[in-house]
4 protein chains.
Amino acid sequence: MARGVNKVILIGNLGKDPEVRYFPSGDAIANATIATTEGWKDRQTGEAKEATEWHNVVFPGKLGEIAGKYLKKGSKVYVEGSLRTRKWTDKEGKERYTTEIRAQEMQMLDGRAGGAAPMGEERGGYGAPQPSRAPPRSAPAAAPAADMDAPFEDDDIPF
Amino acid sequence: MARGVNKVILIGNLGKDPEVRYFPSGDAIANATIATTEGWKDRQTGEAKEATEWHNVVFPGKLGEIAGKYLKKGSKVYVEGSLRTRKWTDKEGKERYTTEIRAQEMQMLDGRAGGAAPMGEERGGYGAPQPSRAPPRSAPAAAPAADMDAPFEDDDIPF
Amino acid sequence: MARGVNKVILIGNLGKDPEVRYFPSGDAIANATIATTEGWKDRQTGEAKEATEWHNVVFPGKLGEIAGKYLKKGSKVYVEGSLRTRKWTDKEGKERYTTEIRAQEMQMLDGRAGGAAPMGEERGGYGAPQPSRAPPRSAPAAAPAADMDAPFEDDDIPF
Amino acid sequence: MARGVNKVILIGNLGKDPEVRYFPSGDAIANATIATTEGWKDRQTGEAKEATEWHNVVFPGKLGEIAGKYLKKGSKVYVEGSLRTRKWTDKEGKERYTTEIRAQEMQMLDGRAGGAAPMGEERGGYGAPQPSRAPPRSAPAAAPAADMDAPFEDDDIPF
DNA sequence: TTTT
DNA sequence: TTTT
């Protein structure tokens, strides 16, 4: 029932190791910052220039586990996801907004992915992409994340 | 475990009504041709030119049902999918190849989608898109499609 | 010389008319807010849910002129662009960040685009997305574009 | 004046060295085959499966030169382009069709790209994929935009 | 074969 | 603030 497209595709490098946390439900969630660099030549001087853009990426669920396990500072990754702007309140009580990319697919582009290493993506064929959740999953630990409240609540997972 | 990205995004119009068929399993599959037109101005004469590209799109499973129900000749659609080249043998016994876009997501862009009309897409939140298969599904009829054999066979659905 | 990919694809509706401004150079720039809505079914209750995401989109240059001329509140558009997070200082002197989508391509999906209406896109063939810039450029607010002549070579085949 | 979207995004490896040719005009054009592999788990047996898709990619113009110079068998690349189906006649005089991806952007993902190596991308422009150059640009005229300063300054046009 |  |  979607009435729109909200898609982001990034290829870039992690600024630092991802931070993984767990919900009481056992669901993992990882946060990472990914840099994409664009270069161009100065029209006048001809000198090479470049600008780096930093993206806040959230890897939910199984993707978060994989990100935590296989990605590290400097890792080059392909990420496909959607934009989500979260509202939060800073310590002064002011409303602030942060825009994140919520990853739906990830691929490691380093080659260092290691032999048996799973690739993090779990599309499946027939008809549609596949949900990446691990079924029962017991409980790890740690604090949940503000970025996982609405509209995707724990008791409200759309699959 | 994907090791690559194979993604197509189209916005175009159907050349004719989609053709829907069903597998014995009850799984639907629809085929459609979608035109994307690109225009430009002739560098020399300045006259407007345009070229139309025709794409063979396959909508598997539930997406096929929706395509058959809501799309028709002329419908404008957004399609996201992947490329797949099928080998087949013509009547002279020669090997031929056809490249298709296997749709993973579809959105109608006509506005004529009709009130209660489902949108065909079934992404779900938390972690990853959701599979679109219809649960029990009994058996309709008709000839299956060569384009649905490997690698996604009936007893081989990846989710 | 890019070393990364930073791509956003949106299909959504404008929340209000775009705001167009001009630089002394005559370059236009338009800002718009675009809503993308995603729906899903509550896993437990089965009830339909939806969430709308608002995106700040910047249309630079000629795209800005077109946006200002043809888009309005409610318009459905396809936008392709890149993410850019700007740092700014609020009235209390605090650093704030805003993430925008800088449009590189736009297409109107309303059908109401009107007969002779230009479509805003300016890709060109031969080898790469063409830099459509019109060098001298003086005239503001109006000044059509020289940016649709080349890039199709010779006898003009856009291969 | 485009009235459609025809976009392909691939990440894969070259099956063999690219073949570069030149037009009398001096324009280069390179052809390559790129493999994308998709894996999934058999729903019943649980065994890992995978299928490889081969894509015919055409790199026109400057992209062709770069491809010829820096890509080789096995190279991992990101390619963005559009689909184009060409009609040709085989030796028996029968009409055949071949679908190709016409590259508009390419990035090497091997790390072996070598220091000074150009990356093959050629976006530029004004109103198209672009660094939003605003030539003279100094004072705004109307609420300038913070979003048009860096990183694309006047004397700093990326093409 | 579509569409604007 | 949009849209279906």
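Values in this document were obtained by computation on a predicted structure and should not be read as measured data. Sequence lines set the chain letters: A, B, ... in the order given, protein chains first and strands last, and positions in each chain run from 1.
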task: Among the candidates dT2(F), dT3(E), dT4(F), find the nucleotide nearest to the side-chain atoms of N13(B).
output: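 Closest of the options to the side chain of N13(B): dT3(E).
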
- request: Just compare dT3(E), dT1(F), dT2(F) and give me whichever is closest to any side-chain atom of K16(C).
  value: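 Of the options given, the side chain of K16(C) lies nearest dT1(F).
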
[atom1] of [X] versus [atom2] of [N]: gap in Å, rounded?
X       : N      : atom1 : atom2 : answer
D110(C) : dT4(E) : CG    : P     : 12 Å
K72(C)  : dT2(F) : NZ    : P     : 15 Å
E53(C)  : dT2(F) : CD    : P     : 16 Å
I34(C)  : dT4(F) : CD1   : C1'   : 17 Å
E38(B)  : dT2(E) : CD    : P     : 20 Å

task: Report yes if the ring of W54(B) lies under 5.5 Å from the six-membered base ring of dT1(E) with planes under 30°, and no otherwise.
output: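 Yes, aromatic ring over the base.
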
- request: Pick base, sugar-phosphate or nothing for T52(C), based on heavy-atom distances below 4.0 Å to the nucleic acid.
  value: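 T52(C): base contact, heavy atoms under 4.0 Å.
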
query: Do T98(D) and W88(D) meet the criterion of a side-chain donor-acceptor pair at a distance under 3.5 Å?
result: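 Looking only at side-chain atoms, W88(D) and T98(D) do form a donor-acceptor pair, the distance falling under 3.5 Å.
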
By salt bridge (charged side-chain N to carboxylate O under 4.0 Å, His left out) - contacts of E53(D) (at least two apart):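 E53(D) satisfies salt bridge (charged side-chain N to carboxylate O under 4.0 Å, His left out) with no residue once adjacent residues are dropped.
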
- request: List for me each residue that meets salt bridge (charged side-chain N to carboxylate O under 4.0 Å, His left out) alongside K94(A), sequence neighbours excluded, and say none if there are none.
  value: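 Applying salt bridge (charged side-chain N to carboxylate O under 4.0 Å, His left out) to K94(A) gives D90(C), E92(C).
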
- prompt: To the nearest 0.5 Å, how far apart are CG in N13(C) and CG in L71(C)?
  reply: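 So the gap between those two atoms works out to 11.0 Å.
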
